[in-house]
**Q** 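Following this message is one structure expressed as structure tokens.
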Amino acid sequence: MFFLVLGMAVIVALYYRRTVYREENAARLLATAQSVQDLEALLQRSGTARASAVALLRLAKAYYNQGNYDMAIRKYQEFEEKFPDHFMK
């Protein structure tokens, strides 16, 4: 029984570390993103990270600023679908 509890604790700790690393990496990528391609790459790598919500909004704005209104609308809609309860909505 002790080893079962110990094993579960190790699994939870590893999962937590992986999640924290993924969130930190996504935040770092978001902070350094300078182009539409950078933001698209971030979304492909970390689609569920908290930084993904901000990346989608920045991407929609970038497409809007480029005059690509259809793509901007798609990204805003994707934001609404993926993050329906997000405070920035």
Side-chain angles (χ1 to χ4, degrees):
M1 183 69 169
F2 171 74
F3 291 110
L4 179 62
V5 172
L6 180 62
M8 292 299 290
V10 168
I11 290 170
V12 168
L14 290 173
Y15 177 77
Y16 177 77
R17 279 186 69 189
R18 183 173 150 237
T19 302
V20 168
Y21 172 78
R22 185 176 287 161
E23 290 289 339
E24 288 174 351
N25 191 43
R28 191 171 23 262
L29 290 172
L30 180 61
T32 60
Q34 296 183 351
S35 67
V36 167
Q37 292 80 11
D38 293 343
L39 292 167
E40 290 282 7
L42 183 146
L43 289 172
Q44 288 182 357
R45 289 184 191 154
S46 54
T48 59
R50 284 180 254 165
S52 297
V54 177
L56 269 172
L57 291 174
R58 283 185 55 193
L59 191 55
K61 185 176 180 193
Y63 280 126
Y64 178 85
N65 290 341
Q66 291 176 353
N68 191 344
Y69 304 118
D70 291 335
M71 188 60 85
I73 289 170
R74 279 190 224 137
K75 293 302 173 182
Y76 281 122
Q77 289 171 338
E78 186 178 342
F79 171 79
E80 288 182 339
E81 290 170 11
K82 285 186 175 181
F83 306 100
D85 298 326
H86 196 277
F87 74 95
M88 293 179 75
K89 182 176 175 195

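Numbering of residues begins at 1 and proceeds along the displayed sequence. Remember, it's a predicted structure, so these values are computed and weren't measured experimentally.
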**Q** Does Val36 form a side chain to side chain contact (heavy atoms under 4.5 Å, CB included) with Gln66? I'd like the steps, not just the answer.
**A** CA-CA 10 Å; Val36 167; Gln66 291 176 353; 3.4 Å; yes
**Q** Within this structure, what is the OH-CZ distance for the pair Tyr63 and Arg58, rounded to the nearest 0.5 Å?
**A** 13.0 Å
**Q** Once rounded to the nearest 0.5 Å, what's the spacing between atom CG of Leu57 and atom CD of Glu78?
**A** 10.5 Å
**Q** To the nearest 0.5 Å, tell me how far Leu43 CG sits from Asp38 CG.
**A** 11.0 Å
**Q** Any idea which heavy atoms bring Ala72 and Ala60 closest together, and the distance?
**A** CB-O, 3.4 Å
**Q** What is the distance from atom CG of Leu59 to atom OH of Tyr76, rounded to the nearest 0.5 Å?
**A** 9.5 Å
**Q** Applying salt bridge (charged side-chain N to carboxylate O under 4.0 Å, His left out), can you list everything that pairs with Glu40, at least two apart in sequence or on another chain?
**A** Lys75
**Q** Taking atom CG of Asp85 and atom CD of Glu80, what is their separation to the nearest 0.5 Å?
**A** 12.0 Å
